[in-house]
Amino acid sequence: MNEKGIPRSEILKQLTSELSRDFTHESGRILGSMCSKPHNFAKQVYIKNLEKNLGDPGLYPGTLKLEKEAVKILGSLLSDPDAVGNIVSGGTEANITAMWVARNISEMRNEVILPTSAHFSFDKAANLLGLKLIKVRLNEHFQMDVKEVHKAISSKTMAIVGVAGTTGLGVVDPIPELSEIAKEQDIYLHVDAAFGGFVIPFLKELGHKIIDFDFKLPGVCSITVDPHKMGLAPIPAGGILFRDPLMLKVISMKIIYLSGGDVEQSTILGTRSGASSTAVWALLKHLGREGYREIIRRCMEVTVKLAEGIKNIEGISLITQPAMNIVGLKSDGIDIRRIAQELRRREWAVALFQNHIRIIVMPDLKNSHIKELLEDLRQITKELR
Ligand code: PLP
């Protein structure tokens, strides 16, 4: 640390220089991120509430009320306004919390059945909580294969995880079938809708046929739904919701020394952002269903253009028809890593999976960006063919 303080102007100059290397969402060059530039209104609300600490909620009863209301609104979006939970730091914390609950209510069982497409946060959860992951293969539609789930169930099964909007392709697992299995066999079912939770309900309202995934299904015990992804809230903002309030009890701890008075915490974090919850609440209220529906409608319009464009380029194709605003691009003749390399050289920030490139059509991505991208793809594939 420097001995003497440096003037703000000097530091701001340094910051501008250092951060000029970062990608920006406005540029339309970030093609592989599930987060985007946060909504301006949410940003304003967030900045105004930076000091609010929900780790000591007795000091901030107003903020706590807004967190509870935000959870209620998310619950109503996911077919259960009585669901309980928290606004947490992101999908990783939400998924770990769900596994923590599942472990605490299942005596001596430690096996979690999940698809190979599940997010790596479950590997972290397994490592932290001493769980054994049983990863089942996908069917021809890149969904968790239900037959394999049946085979994987044993006396040690602690939970089943289904994904509604997979990280790689935005695929929705057969959650209705998983719900039936969970109900019949009395197994905890968690749905990771970190991305899809803010997409699927609006796609349904727009008339798309898409699989049920939420608390409407009686076997679903908990859902991850992230406001900092398609909810357009500032980072950090994840959501974890439970159907039954007793589920929160099994991880809650009483803290007696806090200045706001005794409190029961049921989050991994102690000190946690009240600004996040407040911004989420404000944005949910401000945009309403109509606002989010319109955002999803526009994203899907661009997604369709991108998908059609890819189909028309020789040498590449879609890995599957996009169910939501996530597009998977593959090639049978060209090494997909070389295509990704070329795209990155041209400053397109794409995500590279084992057999495909993933493009997420976030609201920042406009038709003009897609046109430019398709032109580059056309050139790259021509050069590499
Ligand atoms: N779940 C899914 C389906 C995801 O795609 C992701 C992130 O990409 C996560 C969970 C983890 O979310 P976060 O990065 O907010 O921790």
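In each ligand, atom 1 is the first atom listed, and ligand 1 is the first ligand listed.
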Heavy atoms only: which of H119, E93, K124 is nearest to atom 6 (C) of ligand 1?
H119

Would you kindly specify which portion of T166 sits under 4.0 Å from ligand 1, judged on non-hydrogen atoms: side chain, backbone, both or neither?
neither

In terms of residue, atom name and distance, what is the protein heavy atom nearest to atom 8 (O) of ligand 1?
M34 SD, 3.3 Å

Could you label the plane-to-plane angle of the F202 and Y292 rings as parallel, tilted or perpendicular, counting under 30° as parallel and over 60° as perpendicular?
parallel

Are D82 and K72 ion-paired here, with the side-chain N under 4.0 Å from a carboxylate O?
yes

Distance to 0.1 Å, residue and atom name: give those for the protein heavy atom nearest to atom 16 (O) of ligand 1.
T92 OG1, 2.6 Å

Using a strict cut-off of 4.0 Å, indicate which atoms of ligand 1 neighbour a heavy atom of N95.
1 (N), 10 (C)

Electrostatic pair E301:K305 at N-O distance under 4.0 angstrom:
no

Strictly below 4.0 Å, N to O, side chains only: are R338 and D335 in salt-bridge contact?
no

contact_flag H228 ligand 1 heavy-atom lt 4.0 Å:
yes

Heavy-atom distance to atom 2 (C) of ligand 1: which of V88, V163, D192 wins?
D192

Go through the steps to decide whether R297 and E290 satisfy the test salt bridge (Lys or Arg N to Asp or Glu O under 4.0 Å), and finish with yes or no.
CA-CA 10 Å; R297 193 190 62 72; E290 191 183 28; over 6 Å; no

Are K52 and E67 within salt-bridge range, i.e. N to O under 4.0 Å?
no

Sidechain N-carboxylate O distance under 4.0 Å for R346, E383
yes

If you scan protein heavy atoms around atom 12 (O) of ligand 1, the nearest is K229 NZ, 2.7 Å

Parallel, tilted or perpendicular: which describes the rings of F353 and H356, with under 30° parallel and over 60° perpendicular?
parallel

Protein contact of atom 5 (O) of ligand 1 - nearest heavy atom, named by residue and atom, plus distance:
T167 OG1, 2.8 Å

How does D226 reach ligand 1, by side chain, by backbone, by both or by neither, if only non-hydrogen atoms under 4.0 Å count?
side chain

State the atoms of ligand 1, each with its element, that fall below the 4.0 Å cut-off from a heavy-atom position in A194.
1 (N), 2 (C), 10 (C)

